[in-house]
Amino acid sequence: MEKREIKIDDELIERMMWLSKLRLDEQEREKIKEDIRLLLNYISDILEIDVGDAEELLYPNLSDNVREDIPSTEEKGREHLKNAVLENGFVKAPKVFKGE
Amino acid sequence: MSKRQVVDFIMERKNGGADPYKLVEESYKRIKQLDPTLNVFITIKGDLLDNISEKNNDILAGVPIAVKDNIVTKNLRTTCASRVLEDYVPSYNATVVERLSSAGALIIGKTNMDEFAMGTLGTTSAFGPTRNYLNMNWSPGGSSSGSAVAVSSNMTPLSLGSDTGGSIRLPAAWNGIYGLKPTYGMVSRHGLISYAESLEQIGPMASSASDLALLYSIIMGHDPRDPTTYHRHQPNEEFSRIAFKKPNLRIIEGLKIAVIKDFLEHPDSSDEMIKAFWNDLKKIEAEGAEIIEFSVEIFQKIPQIYYVIAFSEASSNLARYAGVLFGSRTASLADVDWEKAYSENRRLFGWEVKRRIMLGSFILSKGYYEMYYGTALRARRRVYEETVKILAKTHVIITPGSTVPPLPLEYDIRDLSKLNSLDAPLMLANLTGLPALTMPTRINGVPQSIQLIGEKWSEDFLFTLAKALEIIYS
């Protein structure tokens with residue numbers, strides 16, 4: 001596959017910000033355009049690699065390491081909520097639904 | 001150059017001669033003296049002397065250890081060197097911390113690092129950079145910068161780091177100490193705050209191959225809480241036996257060493273470092289080893305493959321930092337739109353983390369997922385296959401521990417392509433999941449080191465070989 005030119009413009013940066021839930025101010029947006037250009041240009045080198053019919057390798061040890069399908073629990077779930085904002089036994093989170 | 005501090009302390013204790021408080025007292029003294037300048041620790045536990053018992057016969061009783069601050073410690077702040085977790089106090093211990101405590105070790109503090117383990121120079125920490133004890137103007141290497149300098153400056157004899165793309169081995173190289181990235185799946189990642197979960201492992205750092213093997217023997221092994229750990233493997237005792245065994249040069253006779261020309265002939269590799277590397281190899285050859293050269297074109301693109309995978313996994317793993325379940329909250333959660341609340345809380349990330357998350361999210365998005373991420377995973381398979389072919393014909397791959405001298409602290413890492421020659425030999429082990437051990441060969445002047453990469457599960461061989469090589473390089 002050959003390298004494809006991707007336009008690094010305000011629209012792309014807005015999309016990236018939305019995808020990653022990060023907000024940047026005006027100055028940061030200009031700075032990140034250059035960073036993204038450098039990084040994207042570098043990683044796009046992989047598009048020139050001939051991968052042939054190789055299968056994806058997601059984890060180096062996936063194929064030889066499977067356990068018995070037996071459920072278990074340490075019953076420590078509640079302890080791990082210590083750092084959340086709790087109200088009446090519920091974790092408080094911001095509004096998701098905007099409508100009625 | 002090589003100091004068997006812990007193994008010797010244990011032998012002394014077995015013979016009834018060791019002061020159980022000695023190592024911890026020395027640590028506190030060194031920390032008080034040096035940490036204000038070196039900035040190794042983010043959090044220090046000041047009460048360890050109260051926890052020492054003269055009757056304690058655990059193997060690591062009385063031994064202080066520094067733990068990288070992306071490994072959770074119950075009731076002891078764990079920050080990942082980020083403002084996002086500045087006040088995070090975990091409710092549990094990582095499995096490796098539990099194992100260390102069961103062995104009697106004393107966690108003396110949490111070490112500085114690149115934020116969320118993302119960095120090469122140790123300069124992206126929200127708490128300021130750690131300094132290199134060998135030369136204050138040099139970077140200590142990242143991301144396990146604090147853990148490396150804790151050992152090199154004798155603040156602690158042992159430390160734990162994590163290695164996603166060389167983050168144990170590069171600091172080991174630039175500080176003249178020993179570091180191991182274990183076979184993927186040999187050390188539990190339960191309690192390791194994720195950056196890129198298919199690439200990273202917790203690993204030991206020490207000032208000798210013996211101490212390194214000993215620390216590995218304590219932390220390694222299957223953990224039901226981490227499904228990526230192996231069910232079957234060598235027993236832990238195998239490695240503690242190696243730690244105490246006398247070194248044997250016979251392992252070098254007939255040893256077939258693979259050398260990858262693509263790493264050495266890279267235009268950005270330092271001539272001086274490559275020349276020193278060949279001198280180091282000649283010393284091994286003189287003991288009966290054979291050097292075989294290989295050239296593999298795809299190896300030149302290892303860092304690019306790594307970064308696509310790492311950025312993608314990082315964007316997913318760091319999506320949880322929104323201020324809901326944990327982490328700093330700058331935005332109120334009440335009566336606020338969730339996207340606004342999340343984005344506001346996530347402004348606390350440092351610049352390097354932000355740009356990696358943004359690019360990772362983009363790589364995984366519609367229209368680019370298959371093009372970048374899919375291709376990178378298939379290229380990863382090809383790198384793995386080529387490496388396994390090389391190790392089928394040889395016993396070990398040896399590369400320089402670093403192809404360039406320690407970079408200055410203020411080196412600009414905005415353009416990651418400038419680090420290509422440094423990254424490629426290190427990231428090979430992360431992409432393939434193979435074990436890799438870095439050890440010093442000279443520390444006067446610019447520190448020299450070599451990296452040993454073996455087959456899966458060959459840590460016993462790597463430790464034994466490293467102990468033999470210590471004799472040659474001492």
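Every chain is numbered from 1, with letters handed out A, B, ... down the list of sequences.
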Exercise for the section: Using the six-membered ring of Trp338(B), assess whether NZ or CZ of Lys340(B) lies under 6.0 Å from its centre and within 45 degrees of the ring axis. Expected result: no
Handout entry: Contact origin within Arg356(B) toward chain A - heavy atom pairs under 4.5 Å
Key = neither
Problem - Atom group of Leu24(A) that falls short of 4.5 Å from chain B, counting heavy atoms - result: both
Handout entry: Residues Glu86(B) and Arg83(B) bridged, charged N to O under 4.0 Å
Key = yes
Fill in the blank from the handout: Given Phe326(B), Phe362(B), Phe349(B), Tyr384(B), the one with more heavy-atom pairs under 4.5 angstrom with chain A than any other is Phe362(B)
Practice task
Could you tell me whether a side-chain N or O of Glu459(B) sits under 3.5 Å from a main-chain N or O of Pro435(B), the two making a donor and an acceptor?
Solution key: no
Practice task
Please determine, among Arg346(B), Glu385(B), Glu297(B), Glu197(B), the option with the most heavy-atom pairs under 4.5 Å with chain A.
Solution key: Arg346(B)
Practice task
Measure Asn345(B) against the heavy atoms of chain A and call it side chain, backbone, both or neither at under 4.5 Å.
Solution key: neither
Problem - Interchain contact, Ala376(B) with chain A, by part (heavy-atom threshold 4.5 Å) - result: both
Exercise for the section: Answer with yes or no whether the side chains of Thr95(B) and Asp223(B) bring together a donor and an acceptor at under 3.5 Å. Expected result: yes
Practice task
Mark yes or no for whether Lys76(A), through its side chain, and Ser91(B), through its backbone, hold a donor-acceptor pair below 3.5 Å.
Solution key: no
Exercise for the section: Against chain A, label Val89(B) side chain, backbone, both or neither, depending on which of its atoms sit under 4.5 Å from a heavy atom there. Expected result: backbone
Practice task
Give, as side chain, backbone, both or neither, the part of Leu81(A) having an atom under 4.5 angstrom from any heavy atom of chain B.
Solution key: side chain
Completion exercise
Interatomic distance, OG@Ser44(A) vs CD1@Ile6(A), rounded to 0.5 Å, equals 5.5 Å
Exercise for the section: Please tell me if the side chains of Phe116(B) and Glu352(B) come closer than 4.5 Å, counting only heavy atoms from C-beta onward. Expected result: no
Handout entry: Partner chain A: residue of Ile309(B), Asp415(B), Leu199(B), Ile363(B) with the largest heavy-atom pair count (under 4.5 Å)
Key = Asp415(B)
Handout entry: Residue, of Asp50(A), Val51(A), Leu38(A), Asp53(A), that accumulates the most heavy atom pairs under 4.5 Å with chain B
Key = Val51(A)
Exercise for the section: With the side chain counted from C-beta on, respond yes when Arg77(B) and Tyr88(B) share a heavy-atom pair under 4.5 Å apart, and no when they do not. Expected result: no
Handout entry: Region of Val85(A) in contact with chain B, defined by heavy-atom distances below 4.5 Å
Key = both
Completion exercise
Cut-off 4.5 Å, heavy atoms of chain A, and the answer for Ser417(B) is both
Handout entry: Lys418(B): partners by salt bridge (Lys or Arg N to Asp or Glu O under 4.0 Å), with sequence neighbours left out
Key = none
Problem - Heavy-atom contact with chain B under 4.5 Å, split by part of Glu28(A) - result: both
Exercise for the section: For the pair Glu56(A) and Arg381(B), find out whether any cationic side-chain nitrogen is under 4.0 Å from an anionic carboxylate oxygen. Expected result: no
Problem - Side chain / backbone / both / neither for Ile298(B) at chain A, heavy atoms under 4.5 Å - result: side chain
Practice task
Specify which of Leu364(B), Asp87(B), Asn420(B) makes the most heavy-atom pairs with chain A at under 4.5 Å.
Solution key: Asn420(B)
